[in-house]
2 protein chains.
Amino acid sequence: MARKRGVTEDDVVDAAARIADSIGHDRVTLAAVAAEVGVRPPSLYAHVEGLDGVRRLLALRAAEEIERALSESARGREGTDALRALAHRYRQFARERPGLYAAAQRAVRPGEDDELYRALGAAIVPVLEALSQAGVPREELVHITRAFRSALHGFVELERASGFGMPESVDESFAHLVELILSGVRGLA
Amino acid sequence: MARKRGVTEDDVVDAAARIADSIGHDRVTLAAVAAEVGVRPPSLYAHVEGLDGVRRLLALRAAEEIERALSESARGREGTDALRALAHRYRQFARERPGLYAAAQRAVRPGEDDELYRALGAAIVPVLEALSQAGVPREELVHITRAFRSALHGFVELERASGFGMPESVDESFAHLVELILSGVRGLA
DNA sequence: TTGACATGCCTAATCGCATTAGTCAGACTG
DNA sequence: CAGTCTGACTAATGCGATTAGGCATGTCAA
């Protein structure tokens with residue numbers, strides 16, 4: 001009754017994203033995706049390059065959305081304000097879209113799959129720009145960006161794995177972490 | 001000729017650890033482990049509780065080894081010296097035993113599997129102790145421990161995923177990150 | 001309007017891995 | 001020496017990925 005036009009690649013990625021966010025990135029199987037889009041598993045091969053292709057497209061989608069979320073959060077802010085906003089938005093994204101966030105953690109080396117490599121790199125450009133704008137000297141920029149990103153990613157990852165056993169507020173810990181990094185940034189600027 | 005005494009649980013975990021470190025934690029399958037210990041897959045069920053059991057034991061093993069490595073690295077040092085040593089040992093461990101390190105990232109919540117939960121928590125006790133010894137006030141201790149651990153874990157994780165595309169030295173970035181955290185610690189002590 | 005062609009989905013079949021059931025031989029004990 | 005326990009094995013099931021081959025429907029030119 002409904003679908004005359006067939007399934008598209010976007011439909012597949014949308015379905016995969018829904019599954020990833022609801023039951024986990026590791027539960028994204030072709031069988032599950034096929035069921036979600038209303039088709040038999042083999043039919044997906046007409047649209048994507050197998051399971052690995054789905055994961056790759058999901059990583060690409062994740063990179064785009066993270067980049068968008070981050071740049072929006074920094075828009076209109078400057079210096080450490082922008083950085084603070086970026087940090088909190090980063091964590092918010094990871095909590096709201098856990099599957100998509102996980103999809104973005106795909107390991108890619110420069111040689112293979114340049115498109116994905118570039119997209120994942122672009123996702124943190126807003127952080128780099130904000131740090132630069134905040135006055136971090138050029139020689140330190142890459143190091144500080146790595147530090148900032150490591151802190152955010154590590155926190156979010158440990159939080160997801162329920163690695164924080166103590167009763168202290170996790171929100172407060174995150175705020176402390178962000179301020180710690182920001183004071184380091186101020187020290188350099 | 002050799003094996004009269006049958007396979008033991010430890011043999012299985014040893015084999016799984018070898019596989020994890022050599023080809024990746026996600027490639028630890030019962031089929032691979034069975035081949036490694038020289039037995040058919042179903043035979044493993046006499047020693048471990050399926051694939052999930054192997055992963056759990058591997059996480060337990062990982063927690064022990066991380067704890068041992070960290071406490072040894074801090075032994076005989078004090079204050080920020082101890083913390084610096086811990087940080088570098090942490091990264092070294094993750095690089096040398098990637099599969100075991102990955103195994104320790106298993107998500108566990110307090111209710112289920114208290115033994116593993118406690119073991120994973122114990123792994124970072126050396127960090128907590130060193131921070132405390134370095135003069136971090138009690139109210140800040142948990143937050144700073146979380147920050148320290150987040151930074152280390154995040155860095156190591158991004159490094160593994162080849163997330164650092166820029167040509168700048170990754171060793172140097174790590175050193176910067178550690179010093180940034182340490183200056184935060186000094187600010188509190 | 002019609003028939004060749006392309007598109008997209010389907011069924012059938014294969015393969016690898018996890019897991020369960022049921023069997024068997026050898027080591028250990030009384 | 002017989003009984004029993006242990007630990008490995010083969011057989012069988014189920015699920016997910018993937019490939020091969022076939023069928024229906026919609027497009028488009030003559």
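Just so it is clear, the values below take in all heavy atoms, side chains as well, and ignore hydrogens, waters and symmetry mates. Throughout, protein chains are lettered first and strands after them, A, B, ... in sequence-line order, and every chain is numbered starting at 1.
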Student: Any side-chain N or O of A/His47 under 4.0 Å from OP1/OP2 of C/dC9?
Tutor: yes

Student: Report the distance from atom CG of A/Asp26 to atom C1' of D/dC15, rounded to the nearest whole Å.
Tutor: 16 Å

Student: What is the distance, to the nearest angstrom, from the CZ atom on B/Arg40 to the P atom on C/dT19?
Tutor: 18 Å

Student: Nearest whole angstrom, please: distance from the P of C/dG16 to the CG of A/Leu51.
Tutor: 18 Å

Student: The side chain of B/Ala31 is closest to which nucleotide in this list: C/dC17, C/dC9, D/dC9?
Tutor: C/dC17

Student: Rounded to whole angstrom units, what separation is found between the CD1 atom of A/Ile19 and the P atom of D/dG16?
Tutor: 12 Å

Student: Send over the distance from A/Leu44 CG to C/dC9 P, rounded to a whole Å.
Tutor: 9 Å

Student: Counting side-chain heavy atoms from CB outward, which of C/dC10, C/dT19, D/dA8 is closest to B/Pro42?
Tutor: C/dT19

Student: Return the value, rounded to whole Å, for the distance between atom OH of A/Tyr45 and atom C1' of D/dA20.
Tutor: 13 Å

Student: Give the ring-plane orientation class for B/His88 versus B/Phe174, where under 30° counts as parallel, over 60° as perpendicular and anything between as tilted.
Tutor: perpendicular

Student: For residues A/His153 and A/Tyr90, establish whether the separation of their ring centroids is below 6.0 Å.
Tutor: no

Student: Any chance the side chains of A/Arg89 and A/Ser73 put a donor and an acceptor closer than 3.5 Å?
Tutor: no

Student: Indicate whether OP1 or OP2 belonging to C/dC10 is found under 4.0 Å from a side-chain N or O atom of A/Ser43.
Tutor: yes

Student: If I take atom CG in residue B/Asp52 and atom P in nucleotide C/dT20, what distance separates them, rounded to the nearest angstrom?
Tutor: 12 Å

Student: Rounded to the nearest Å, what distance is computed from the CD atom of residue A/Glu36 to the P atom of nucleotide D/dG16?
Tutor: 15 Å

Student: Under 3.5 Å, is there a donor-acceptor pair linking the side chains of A/Gln133 and A/Glu129?
Tutor: no

